[in-house]
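In what follows, a single structure is set out as structure tokens and then discussed.
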Amino acid sequence: MSDDLGKYSAAVPAASRFVAQQLIMKPYVWSALNVHVHGLQHLDNLSAPFVVIANHSSHLDANLIFGALPRRLSRNLSAGAAADYFFNHKLRAFGTRLFYNAFPVDRGGMRAHRGMSGKLLDEGIPLLIFPEGTRSRTGAMAKFKAGPAGLSIKHQVPILPIALVGAYAAMPYGAKLPVPGRPDVHVVFGNPQRARGGETIADFSERMYRYVVELHDTTARAYGMPTQADFHRAVALRAAASKEALTAGTEEPPSEDASS
């Protein structure tokens, strides 16, 4: 194992992460929210390496996942983080590594860290990747990028699907802190998944998207919370209202001809 990859599973960084995650991050998040964890029985036979995926709509998401996973699975879990933001400033990079054991993910055509995720999996390091690529601004899930499905197939590791329900309402896009009142948030673990015989990367990725939506919506309906259909409907209504307002604003005002 190279020194660069060794830090993701070394004992001293792991001990520091334990303090940061279990004694700082989790107590704060669990005190600010009313967190409910479902499906822990699905993790009984799971062992590293694996790829964790989840819907992504809040800065709380990674904290909820690290806090809800059993320590045996989260100990060396490494979260993908945008290299051009989280790793371009020393203090920010330090915090990201300390709390999330983060590895850099290139975007916007960058290639400096290409292949990093696969190398980590080959070294036995489990990964957390949000397959939408960025946080939802509305709570509505975007289609998944195929990267996690491709990693699962190429490196023969399972995907652990997770649905986060209520995280968007608890800390929506643009919020600096969770909303007051300890809102309910649900972390829902699904069954670990592998590609089926003959299943393409694209098909596997689409199946994982549908599975996370199903996990989300089943829990949302059970607790009277918005489903993905509700989020998408709200987006469509806002878009229609905005279009109507724009159209109305461009219409010519009625003539004020004095002779009429």
Side-chain angles (χ1 to χ4, degrees), residues 7-11 13-81 86 95-103 105 117 120-121 123-132 135 144 147-149 151-152 155 157-168 170-171 178 184-194 208 211-212 214-216 218-219:
K7 63 189 175 186
Y8 290 91
S9 59
S16 299
R17 284 196 303 277
F18 176 81
V19 173
Q21 293 173 358
Q22 302 298 317
L23 302 183
I24 300 174
M25 179 181 73
K26 183 173 180 177
Y28 168 70
V29 173
W30 261 243
S31 67
L33 310 174
N34 190 18
V35 181
H36 310 268
V37 181
H38 310 267
L40 284 170
Q41 70 276 11
H42 297 149
L43 310 180
D44 289 347
N45 297 318
L46 182 64
S47 59
F50 51 86
V51 178
V52 176
I53 63 169
N55 56 306
H56 192 23
S57 61
S58 172
H59 275 315
L60 295 167
D61 296 343
N63 302 324
L64 288 164
I65 291 168
F66 274 92
L69 277 168
R71 182 64 183 166
R72 68 179 183 86
L73 299 178
S74 67
R75 182 177 185 274
N76 293 326
L77 181 64
S78 179
F86 290 101
T96 305
R97 288 192 187 278
L98 175 63
F99 282 91
Y100 309 112
N101 199 25
F103 70 96
V105 175
S117 53
L120 287 170
L121 287 173
E123 295 292 349
I125 307 298
L127 306 181
L128 167 59
I129 301 175
F130 293 107
E132 292 167 89
R135 279 180 297 146
F144 285 177
L151 286 170
S152 172
H155 297 273
V157 300
I159 284 180
L160 173 61
I162 300 176
L164 302 172
V165 184
Y168 175 75
M171 191 174 174
D184 289 307
V185 176
H186 300 263
V187 182
V188 189
F189 295 112
N191 282 302
Q193 302 286 318
R194 294 179 184 266
M208 291 302 91
Y211 188 22
V212 172
E214 178 186 356
L215 290 171
H216 179 283
T218 299
T219 305

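Computed from heavy atoms alone, side chains included, the values below leave out hydrogens, waters and symmetry copies.
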- Query: Among all residues two or more places apart in sequence or in another chain, which pass the side-chain contact (heavy atoms from CB on, under 4.5 Å) test with A149?
  - Reply: I201, F204, S205

- Are the side chains of L160 and L43 in touch, meaning some heavy atoms are under 4.5 Å apart? yes

- Item | Residue pair L127 / S117: nearest heavy atoms and the distance that separates them | CD1-O, 3.5 Å

- Message: For a quick test of reading the model, state the closest non-hydrogen atom pair linking A54 to P131 and the distance between them.
- Response: O-CD, 3.6 Å

- Applying side chain to side chain contact (heavy atoms under 4.5 Å, CB included), run through E123 and Y8 and close with a yes or a no. CA-CA 9 Å; E123 295 292 349; Y8 290 91; over 6 Å; no

- Message: Suppose we screen for side chain to side chain donor-acceptor pair (under 3.5 Å). Which residues come up paired with Y100, at least two apart in sequence or across chains?
- Response: N63

- Message: Is there a side chain to side chain contact (heavy atoms under 4.5 Å, CB included) between I53 and I162? Walk through the geometry before answering.
- Response: CA-CA 6 Å; I53 63 169; I162 300 176; over 6 Å; no

- Message: Quick test of your reading: applying side-chain hydrogen bond (donor to acceptor under 3.5 Å, both in side chains), list the pairs with at least one residue in residues 65-74, sequence neighbours left out, ordered by first then second residue.
- Response: Q21-R71

- Query: Heavy-atom count around N45 CG within 6.0 Å, excluding the residue itself: above 12?
  - Reply: no

- Task: Can you see which heavy atom on L98 is nearest to which on A20, and at what distance?
- Result: CG-CB, 3.8 Å

- Item | Qualifying residues under side chain to side chain donor-acceptor pair (under 3.5 Å), relative to R135, sequence neighbours excluded | H59

- Task: State which residues pass side-chain contact (heavy atoms from CB on, under 4.5 Å) with L60; sequence neighbours excluded, sorted by chain then number.
- Result: L33, S58, L64, A170, M171, P178

- Query: Heavy atoms, side chains only, cut-off 4.5 Å: are H216 and V188 in contact?
  - Reply: no

- Task: Flag the pair V52 / I129 as yes when at least one side-chain heavy-atom distance between them is below 4.5 Å, and no otherwise.
- Result: no

- Message: Measuring from atom CD1 of I159 to atom CG of N191, what distance do you get when rounded to the nearest 0.5 angstrom?
- Response: 13.5 Å

- Task: Enter the distance from L128:CG to L77:CG here, rounded to the nearest 0.5 Å.
- Result: 5.5 Å

- Any residue meeting side chain to side chain donor-acceptor pair (under 3.5 Å) with E132, in chain and number order, not counting sequence neighbours: none

- ring-ring contact (aromatic ring centres under 6.0 Å, His included) partners of F189, counting only residues at least two apart: none

- Note on the structure: In short, L40 meets A68 closest at the heavy-atom pair CD2-O, 4.0 Å

- With the side chain counted from C-beta on, respond yes when I65 and F130 share a heavy-atom pair under 4.5 Å apart, and no when they do not. yes

- Heavy atoms of A48 and P126 approach each other most closely as CB-CD, 3.9 Å

- Report the C-alpha distance between V185 and L164 in whole Å, list the side-chain angles of each, state the deciding distance to 0.1 Å, and finish with yes or no for side chain to side chain contact (heavy atoms under 4.5 Å, CB included). CA-CA 7 Å; V185 176; L164 302 172; 5.6 Å; no

- Item | Working for side chain to side chain contact (heavy atoms under 4.5 Å, CB included), residues L121 and V51 | CA-CA 8 Å; L121 287 173; V51 178; 4.0 Å; yes

- Query: Taking only residues two or more places apart in sequence, or in another chain, which ones meet I24 in a side-chain contact (heavy atoms from CB on, under 4.5 Å)?
  - Reply: F99

- If you look only at pairs with a residue in residues 32-54, which of them pass as a ring pair (Phe, Tyr, Trp, His ring centres under 6.0 Å), with sequence neighbours excluded? H36-H186, H38-H186, H38-Y223

- Considering all heavy atoms of both residues, which atom of Y168 and which atom of S57 are nearest to each other, and what is their separation? CB-OG, 3.4 Å

- List for me each residue that meets side-chain contact (heavy atoms from CB on, under 4.5 Å) alongside A14, sequence neighbours excluded, and say none if there are none. R17, R75, N76

